[in-house]
Amino acid sequence: MTWLSPSHLLRQRSPPFRAATSPRLRDLIALVLMHQDRRRQLLQIHTQFIAHQVFDRNPAPWRAFLKAYSHGPFPLEALHLFRHARQHLADDTFAFAFVLKACAGLGWPQAGAQLHALMVQKGFEFHAYVHTALVNVYVVSGCLVEAWKAFDEMPVKNIVSWNVMITGFAGWGEVEYARLLFDQMPCRNVVSWTGLIDGYTRACLHVEAVALFRHMMAGGISPSEITVLAVVPAISNFGGILMGEMLHGYCEKKGIVSDARVGNSLIDLYAKIGSVQNSLKVFDKMLDRRNLVSWTSIISAFAMHGLSVEALELFAEMRRAGIRPNRITFLSVINACSHGGLVERGLAFFKSMVYEYNIDPEIKHFGCIIDMLGRAGRLCEAEQIIEGLPMEVNVIVWRILLGCCSKYGEVEMGKRAIKMISDLERESGGDFAVLSNVLNELGRFIDAEQARKLLDERKIVKVPGIALVGDIQ
DNA sequence: CTAGGGTTAG
């Protein structure tokens, strides 16, 4: 069985495997298929056969394969390829950059560290591109201390090295470090700004994100598509319709509305800041650039604003256009039904999702269904669904039910929901804002004295929570 | 050769 090992195959330089009819090759493929080791392994071995037959010692084609694999959906193949073709690639800095890219794609810091050792051995440890790629491996894997160390010891840093650190740290929520790096770097480009803006948006520091965006524009740096994508959530949370229209206008001027992702995020932005008309305008203009996300975004925009019939019409149109809905499309569709009181249709869509489209329902889908039943006053059915959920129940579904209970004055069920919510919050060490919301809801059901009693109980419960925060710091 | 990415129940 040792001949199954690809490295063994590579060592056999001659004679080369002649054709696909070679019994050895046939056996090998049969074996691979028999072992059900799927496409991945077959692909890997197949590639090596071709590469071996055609290229043999020449490193360039190996490098091309490595590049293709490291950027594609199968980064593991890049690692395999590298390991088996090391004799061709060991001194190639390009190959190291690619294979490190693959490690980043896999989020494998250990593999990165091994390559680091190899880099030291080969004497190009401080090659700027390769070392940047190494820093990136650490940063995307969340090994921020390692990343910082590796970055710190780089004798020559380029702008990409800094940007790797900024986007990485911002992406892991370390906005302050990202800011520090941003302020320290000798010169910044649009990626540096975008990375930081994205960090602020993710950290819900929307005002800062928008301020930074304006600062960037004022500094004469032109936002890219990605910058727009990064700043949109901030504007939809904090900016008004005017700011949204300004951004939209800017995108048109710069010609980046033609990017489907930008168009889609504008649809969503307008929906969230209260202008479905503008959402529709953007959607209409997209014409042939519409994709599944565009359709889903516009359906969800209509659903958000209670335009259920229109949302369902769009869904029908989407299907006529031959686009297959996904789990998020169905979420929006069921949400539309929920907001419009179209209970039976919503249930039918849910069924169709599961049985016709073979999409496994998630907690969010059930959340919509529960909301739909609850809004229509079918509270018992809603509660039964929660109790029979095939997955872990979260606070949100109970909160949905609670909202419906308070709407219909269902005191007993409401109390049960509150109990579940406070239990779940306690488990996750919930915060005071959430707690006070629950108590607010509670006030609708029980008298002041009972509420106070519950509050006292909660205070007792909160003590360990406070102590825990102390421990962390 | 190394950096940024859209829609998701209340």
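No hydrogens, no waters, no symmetry mates; every other heavy atom, side chains included, goes into these values. From a predicted model like this one, the values you see are computed outputs, not experimental measurements. Lettering of chains follows the sequences in order, A, B, ..., and the numbering in each one begins at 1.
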Assign [X] to base, sugar-phosphate, or nothing according to its heavy-atom contacts below 4.0 angstrom with the strands shown.
X	value
A:Val164	sugar-phosphate
A:Ala95	nothing
A:Thr296	base
A:Ser265	nothing
A:Lys272	sugar-phosphate
A:Ser338	nothing
A:Arg290	nothing
A:Asp92	nothing
A:Ile298	nothing

Which nucleotide in the list [options] gets nearest to the side chain of [X]?
X	options	result
A:Ala133	B:dT2, B:dG5, B:dT7	B:dT2
A:Asp268	B:dG5, B:dC1, B:dT7	B:dT7
A:Phe94	B:dG4, B:dG10, B:dC1	B:dC1
A:Arg375	B:dG10, B:dT2, B:dC1	B:dG10
A:Ser297	B:dT8, B:dT2, B:dT7	B:dT7
A:Ser300	B:dT8, B:dC1, B:dG5	B:dT8
A:Ile396	B:dG10, B:dT8, B:dT2	B:dG10

Q) Looking at B:dT8, does its base get a donor-acceptor pair with the side chain of A:Lys364 below 3.5 Å? A) yes
Q. Taking atom types as they are modelled, is there a donor-acceptor pair under 3.5 Å from the base of B:dG4 to the side chain of A:Thr194?
A.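 Yes, the side chain and the base share a sub-3.5 Å donor-acceptor pair.
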Within this structure, what is the [atom1]-to-[atom2] distance between [X] and [N], rounded to whole angstrom?
X	N	atom1	atom2	answer
A:Ile363	B:dG10	CD1	C1'	13 Å
A:Asp371	B:dT8	CG	P	16 Å
A:Phe350	B:dA9	CZ	C1'	12 Å
A:Phe330	B:dT8	CZ	P	17 Å
A:Lys101	B:dG4	NZ	C1'	11 Å
A:Lys407	B:dG10	NZ	P	13 Å
A:Phe124	B:dT2	CZ	C1'	14 Å
A:Ile359	B:dT8	CD1	C1'	13 Å

Q) Ring centroid separation for A:Phe96 and A:His127, is it under 6.0 angstrom? A) no
Q.
I'd like to know whether the aromatic ring centres of A:Phe315 and A:Phe330 sit less than 6.0 Å apart in this structure.
A. yes
Q. So, A:Tyr129 and B:dC1: ring centres less than 5.5 Å apart, planes less than 30° off, yes or no?
A.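 Stack criterion not met.
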Any side-chain N or O of [X] below 4.0 angstrom from OP1/OP2 of [N]?
X	N	value
A:Asn136	B:dT2	no
A:His131	B:dC1	no
A:His71	B:dT2	yes

Q) Would you say the side chains of A:Thr201 and A:Asp198 form a donor-acceptor pair under 3.5 Å? A)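 Per modelled atom types, A:Thr201 and A:Asp198 side chains form no pair under 3.5 Å.
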Q | Ring-face cation of A:Lys157 near A:Phe151 (centre distance under 6.0 Å, axis angle within 45°) | A |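 Yes, A:Lys157 sits over the ring of A:Phe151.
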Q | Cation-pi, A:Phe98 ring and A:Arg63 (6.0 angstrom, 45 degrees) | A |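 No, a cation-pi geometry is absent between A:Arg63 and A:Phe98.
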Q. Would A:Ser300 and A:Ser297 count as a side-chain hydrogen bond (donor to acceptor under 3.5 Å, both in side chains) if you check the C-alpha gap in whole Å, the side-chain angles of each, and the deciding distance to 0.1 Å?
A. CA-CA 5 Å; A:Ser300 125; A:Ser297 301; over 6 Å; no
Q: For A:His71, look at atom NE2 and say whether over 12 heavy atoms of other residues, nucleotides or ligands are found less than 6.0 Å away.
A: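 Yes, because the 6.0 Å sphere around NE2 of A:His71 holds more than 12 heavy atoms from other groups.
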**Q.** Near-strand residues of residues 178-192 of chain A, defined as heavy-atom separation under 4.0 angstrom from DNA chain B
**A.** A:Asn189, A:Val190, A:Val191
**Q.** Plane angle bin for A:Tyr69 and A:Phe65 - parallel if under 30°, tilted between 30 and 60°, otherwise perpendicular
**A.**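 Rings of A:Phe65 and A:Tyr69: parallel, as their planes differ by under 30°.
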Q. Are any non-hydrogen side-chain atoms of A:Phe169 and A:Glu176 less than 4.5 angstrom apart?
A. no
